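Report on the following structure.
It should be emphasised that the depicted structure is a prediction, and the values quoted were computed from it without experimental measurement.
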Amino acid sequence: MAFDLHKIARRWQRKWKAQKVYESDPDGRPKFLVCTPYPYVNGLLHIGHTYTYMRVDAFARYKRLRGMNVLFPFAWHATGTPIEAAAKRVEEGEPTQLQSLELMGFGKDQLEQFKDPIHWIKTFSREAERDLRAYGMAIDWRRQFITTSLNPRYSKFIKWQFNTLKKKGLIAKGEHPVVWCPRELMPVGDHARSEGEGVMPEEMVLIKFRTNGHVFPCATFRPETVFGVTNIWVNPDLTYVEASVDGEHWMVSEPALAKLKDQKHEVKELQRRKGSDLVGAKVKNPVDGNEVPVLPASFVSAETGTGVVMSVPAHAPFDYLALRELQQQNYAGTQDIKPVSLVAVEGLGEFPAIDAVKGITNAKDPRAKDATQEVYKKEFHSGKLKDITGKYKGLSIQEAKPRIIADLKSEGKAVVLFELIEPVICRCLTRCHVRIVDNQWFLKYGSQEWKQEAMKALQGLKLYPEKVRGQFEYVVDWLRDWACTREFGLGTDLPWDKNWKIESLSDSTIYPAFYTLVHTLKKVPLGKINDRLFDYVFLGEGNPDELGVDRVLLDKMKAEFAYWYPVDFRNSGKDLVQNHLTFYLFNHVACFPEKFWPAGIGVNGYVTIGSKKMSKSKGNFKTLRQVIDAFSPDVVRLAILASNEEMNDVDWDSESAESLRQKLAQWYEFALKNYGKNGQSGERREIDRWMEHQLHSSIRDATKAMDETLFRTAIQRGFFDVQRHLKWYQRRTAGQMNQEVLNEIIEAQTLLLAPFCPHVCSEIWEKLGKQSVLVSEKWPQFDESKIVPTLEQSEDAMSRTLDDIQQVLRLAKVEHPKKITLFVSADWKVHLCRKLKELLAQTRDIGQVMKGVMGEFKDRAQEASALVQKFVKDPSKVPLSAMPQDAEVQNLLDAVPFLKETLNCSIEVVREEDSQEPKARQALPGKPAIVVQ
RNA sequence: GCGGCGGUACCGAAGCGGUCCAACGGGUUGGAUUUAGACUCCAAUGGCUUAGUGCCCACGCAGGUUCGAAUCCUGUCCGCCGCACCA
């Protein structure tokens, strides 16, 4: 039989397109709006996108089968810098960029066109649409669009969003520190660094020690230790700059000057000074007025802080080591310097730094660094400031630190310097520092009121799975103001300031609202689209007659939005919880009334390939089209969704995909061959009822799983289990299956599989002779009355008996038995077991149990007491489903033809009490004694 | 450091106080079928053992609670993800 999954897929995709099956408009049914963050169109879709979209699609198809009017829209994201940057690299002829395009299948002659960012956007949105159609996504393609000013209608929508936020006071101007490349004059995000991933700006305090007109700004992370300063350090081998900083004469290292300039200080270089020239000066400690000397230390680096540091030998191991070295060299003026202790820590001595450096002889020893951390950790967590700190005495470091910083700043004794603790190197190989960017617009996610509203939205939200809630709560709480404008890149202009573009994560938060009306909005003349129009269609505000737009169109859009909103399911990878998905919540609560707040969010793990992280550079990478071409869309979808669920990573494994391909082929063949033939129907046998039981409990479980987007469970219960039971049913009836039952299985199985493998299931449905289109059919209902656990128990008992027989045969080394006799446990044992179960629930005392039992079984005292002893010893051995002897005998008699066939010998079923065979006594309820001959 | 999620057989993974066996899928091994292979079917896949359906060991590690623990408690070790100006 010709079975070509690719051909089947193409055929159904053509049909769906022609019949506009997935173009959804409001009607009388309950609605369900699903979506997923649109992809950034700078390359081909890869298998990682696949999983997220697949979940949305499977859920959409399921809800459709449940009778809902489902809308699944899609669009393309082009906002931001990467596409522009890539186009620029093509223009510069950068080899890796060109190569990567070639790897995506573009010929050398086509590369030229990629100099133009618009070509990227057009090409990759087109290619992605092609891939997603080939994947069989149930998307309403009428609603697709592209972001940025290339789509003026979208830009107008985004402007409405920003004006709305601004009106509500949720956007404000401010300044903030960024990691900055002084060569490219750009902020340098993690992905644009060649070194220093994850390093972020941290606040250092520059405490101003003064001497006759000069300032020595000592950079420190521990400003509270200023009370224990004995001297300050400069590195004699460095070059320092004497500079005018905000009108004062500062001494700083060369690199520090650029940092100060970029952190909003007025800076002018006056002259260069050798470090060694500075040594020997006396400077005044700003907190106590003490004069301390400037001493030389080689551990001081030019790159961190200012190249000037204060020395607190009591609490800083480096300082102590350097000081001790000088004293050992009899360096002038150091002999009288004594460490000054200012922090008391229980369990540590007066000078924790001195204790910490035991065995370390100089500041170059790497252990000095560990010692520093050790001391700091202890002091920070359990230290108390001593009397010497004046008004801060008795405070913990945690309490005192922010107060000391604030006080020093307000008294003009210190300023803050943002610093990178570890080096950060830009992709252009320049060392970065922190710059304070001003004139920047912020979304005030840090605002408490806004957070509260977002938290409220979160509380009313269905999460798939529920266990991400903790993460969301944390992020809502932790989120700070977000810089939402950029000077570079593609996007929409900030409506009130054309010099800025709206940043890419900020223009993609409430756009699902845009999906609901985009195809209608296309009919409105561009010039007529403005904030007032959106106020009317989204919020019902204003007078529609003043908009100069066809009232029918306006009210259509208004109704469409109100019908589809809120979003019932928005799904993405777990990496977006800490930004996009949370922004999505914040912006919805700000822009829309509560009834339109998000109703459901789904989060999933990543895709690995062969259990290894996907990585382009390591070649462990697959595009969507590669896997579709190799395995067909149905197999890819099934393989990925069957692999894992919740937040676990799914794995793409070609071996299991191949195995699933075969399973699908087998099902296709089975369904077509067995459906609606003239098989026996009529009265149901036990085994038929068993099969119905299995089918209906599988439907029940699969349905429950589908409701929670637990697709792996749904596939396991709704496909693997049904298939397994069907095989057993086939074997158990020697192929004489009940035709009605069989038909029901075939229909239900095809529907259960439909959300995952829509093409092949549609094909089967059609070939079964169904007039309806599968994708609009009804999800199978389970019939509670057909779920009868006792059927399962007796069938299990039978199959366990078969297992036991086979084991006995093996042990007895009988290869070809002539006859097998099964002795069924006497009824009194059934009663005994039931009684025991009752008693054991109350007590484990053997005496009491014995007492409770033996009255009833006096005439079998010996046998009964042996059983009681055995079961009290291990209560888990009591047969749970002890059925009466008659029923067990009947159950086995029913199975005799099957057992005969399987074991290839005659089978006899005998009641225990009817036999003289000694082994017969071993029978237990549900566990017949076995004799083989 | 802070926050989140986890450690179960060869691999992935379910189980979350007792449901006579630690599901299900993949892999591996043996057998049946086949001219052969593929497919399909049956069986095995921690150890031991036997004319008897059994015993023992195992759910990161160590303790504890309980008649009974993969599951509950305490401690401990180890992974993965995120910590932002950006898709």
Side-chain angles (χ1 to χ4, degrees), chain A residues 37 39-40 42 77 79-83 176-179 187-192 198 200 377 437 440 442 467-475 477-486 489 503-506 508 574-580 605-606 608 611 613 639 642-651 653 655-660 662-663 665-666 712-713 715-717 719-721 724 727 731 789 793 796-797 800-801 803-809 811-814 840-841 843-845 872-881 902 919 922 924-932:
Chain A
Y40 188 69
N42 64 339
H77 197 38
T79 309
T81 51
I83 287 177
H176 73 127
V178 295
V179 177
V188 181
D190 256 354
H191 55 282
M200 43 188 169
K377 222 174 175 173
V437 175
Q440 172 64 272
F442 286 88
K467 68 170 146 190
V468 281
R469 190 173 296 279
Q471 179 98 357
F472 269 111
E473 283 169 353
Y474 176 78
V475 175
D477 188 51
W478 158 90
L479 214 58
R480 301 195 301 266
D481 292 352
W482 178 266
C484 61
T485 51
R486 286 295 104 87
E503 171 272 339
S504 74
L505 288 188
S506 301
S508 55
K574 58 186 171 189
D575 50 331
L576 295 193
V577 172
Q578 44 276 334
N579 45 53
H580 167 74
Y606 306 124
T608 57
S611 300
K613 212 172 158 179
S643 155
N644 222 325
E645 63 195 5
E646 295 205 300
M647 307 235 280
N648 297 318
D649 293 352
V650 294
D651 188 43
D653 171 19
E655 274 182 345
S656 62
E658 176 54 28
S659 149
L660 285 170
Q662 280 157 6
K663 278 191 160 65
Q666 217 183 317
R712 196 213 35 215
T713 303
I715 290 168
Q716 190 182 302
R717 297 294 287 125
F719 183 48
F720 297 144
D721 285 358
R724 205 160 35 88
K727 267 177 203 161
R731 190 177 156 202
Q793 283 161 3
D796 284 355
R800 231 174 299 117
T801 301
D803 281 350
D804 287 344
I805 294 170
Q806 285 171 333
Q807 192 177 348
V808 169
L809 288 174
L811 288 168
K813 303 196 169 55
V814 177
L840 285 169
T843 178
R844 304 282 155 163
D845 184 274
V872 172
K873 207 172 142 202
D874 189 352
S876 65
K877 291 273 185 319
V878 184
L880 192 80
S881 57
T902 305
K919 287 195 167 69
Q922 291 172 2
L924 285 176
K927 219 167 178 55
I930 300 162
V931 170
V932 302

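Nucleotides B/C48 and B/U40 are separated by 35 Å at their C1' atoms, to the nearest Å. As rounded to the nearest Å, B/C39 and B/C57 have C1' atoms that lie 39 Å from one another. B/U53 and B/A58 have their P atoms separated by 23 Å, given to the nearest Å. When the C1' atom is used for both B/C24 and B/A32, the distance is 25 Å, rounded to whole Å. When the P atom is used for both B/C80 and B/A13, the distance is 14 Å, rounded to whole Å. Taking atom C1' on both nucleotides, B/U65 is separated from B/G75 by 15 Å, rounded to a whole Å. Nucleotides B/A62 and B/C11 are separated by 28 Å at their C1' atoms, to the nearest Å. If you take atom P in B/G63 and the same atom in B/C5, they sit 28 Å apart, rounded to whole Å.
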Requested in this report: In sequence, state the C-alpha distance, the side-chain angles, and the governing distance for A/Lys613 and A/Asp649, and then conclude on side chain to side chain contact (heavy atoms under 4.5 Å, CB included).
Outcome: CA-CA 10 Å; A/Lys613 212 172 158 179; A/Asp649 293 352; over 6 Å; no
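Across all strands shown, A/Ala665 has no heavy atoms under 4.0 Å from either base or sugar-phosphate atoms. Looking at heavy-atom distances under 4.0 Å, A/Val932 makes contact with a base. As judged by a 4.0 angstrom heavy-atom cut-off over every strand, A/Val468 is placed among residues making no nucleic acid contact. When heavy atoms are screened at a 4.0 angstrom cut-off, A/Pro37 is found touching no nucleic acid atom at all.
Qualifying side chain to side chain donor-acceptor pair (under 3.5 Å) partners for A/Asn644, counting only residues two or more places apart in sequence or in other chains: A/Asn648, A/Arg712. Evaluation of the side chain to side chain donor-acceptor pair (under 3.5 Å) rule for A/Thr608 yields A/Asp651 as partners, not counting sequence neighbours. Under the side chain to side chain donor-acceptor pair (under 3.5 Å) criterion, A/Lys574 pairs with no residue, sequence neighbours left out. By the side chain to side chain donor-acceptor pair (under 3.5 Å) test, A/Ser508 pairs with no residue at all, sequence neighbours left out. For A/Arg717, the salt bridge (charged side-chain N to carboxylate O under 4.0 Å, His left out) partners two or more places apart in sequence, or in a different chain, are A/Asp701, A/Asp721. In this structure A/Tyr606 satisfies the ring pair (Phe, Tyr, Trp, His ring centres under 6.0 Å) test with no other residue, sequence neighbours excluded. Scanning for ring pair (Phe, Tyr, Trp, His ring centres under 6.0 Å) contacts around A/His580 gives an empty result, with sequence neighbours left out. Qualifying salt bridge (charged side-chain N to carboxylate O under 4.0 Å, His left out) partners for A/Arg469, counting only residues two or more places apart in sequence or in other chains: A/Glu466.
If you measure from atom CD of A/Glu655 to atom P of B/G27, you get 6 Å, rounded to the nearest angstrom. What separates CZ of A/Arg469 from C1' of B/G3 is a distance of 17 Å, to the nearest Å. Look at CG on A/Asp796: it is 14 Å from P on B/U19, rounded to the nearest Å. Atom pair A/Asp653:CG and B/C24:C1' shows a separation of 16 Å (rounding to whole Å applied).
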Query raised in the report: When you check every protein heavy atom under 4.0 Å of nucleotides 39-47 of chain B, what one-letter string (B, S, -) results, 5' to 3'?
Result: SSSSS----
Report task. Summarise protein proximity over nucleotides 81-87 of chain B in one line of letters, 5' to 3': B for base, S for sugar-phosphate only, - for none, counting protein heavy atoms closer than 4.0 Å. Result -> SSSBBBB
Query raised in the report: Reading nucleotides 5-16 of chain B from the 5' end, what letters show protein touch, with B for base, S for backbone sugar-phosphate only, - for no heavy atom under 4.0 Å?
Result: SS-----SSS--
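In this structure, A/His77 contributes its side chain and A/Pro37 its backbone to no donor-acceptor pair below 3.5 Å. With hydrogens and angles disregarded, a donor-acceptor distance shorter than 3.5 Å links the side chain of A/Thr801 to the backbone of A/Ala797.
The minimum heavy-atom distance linking A/Thr79 with A/Tyr40 is given by the pair O-CE1, 3.2 Å. Among all heavy-atom pairs drawn from A/Thr485 and A/Glu503, the shortest one is N-CB, 4.0 Å.
Put simply, NZ on A/Lys467 and CD on A/Glu646 are 4.0 Å apart, with the number rounded to the nearest 0.5 Å.
The strand RNA chain B forms stems, runs of 3 or more Watson-Crick or G-U wobble pairs with distances below 3.5 Å, at B:1-7 with B:77-83, B:10-12 with B:24-26, B:27-32 with B:40-45, B:46-48 with B:54-56, B:60-64 with B:72-76.
Listed pair A/Arg724 / B/C24 meets the phosphate criterion, a side-chain N or O lying under 4.0 Å from OP1 or OP2.
The closest side-chain heavy-atom distance from A/Lys663 to A/Glu658 is not below 4.5 Å.
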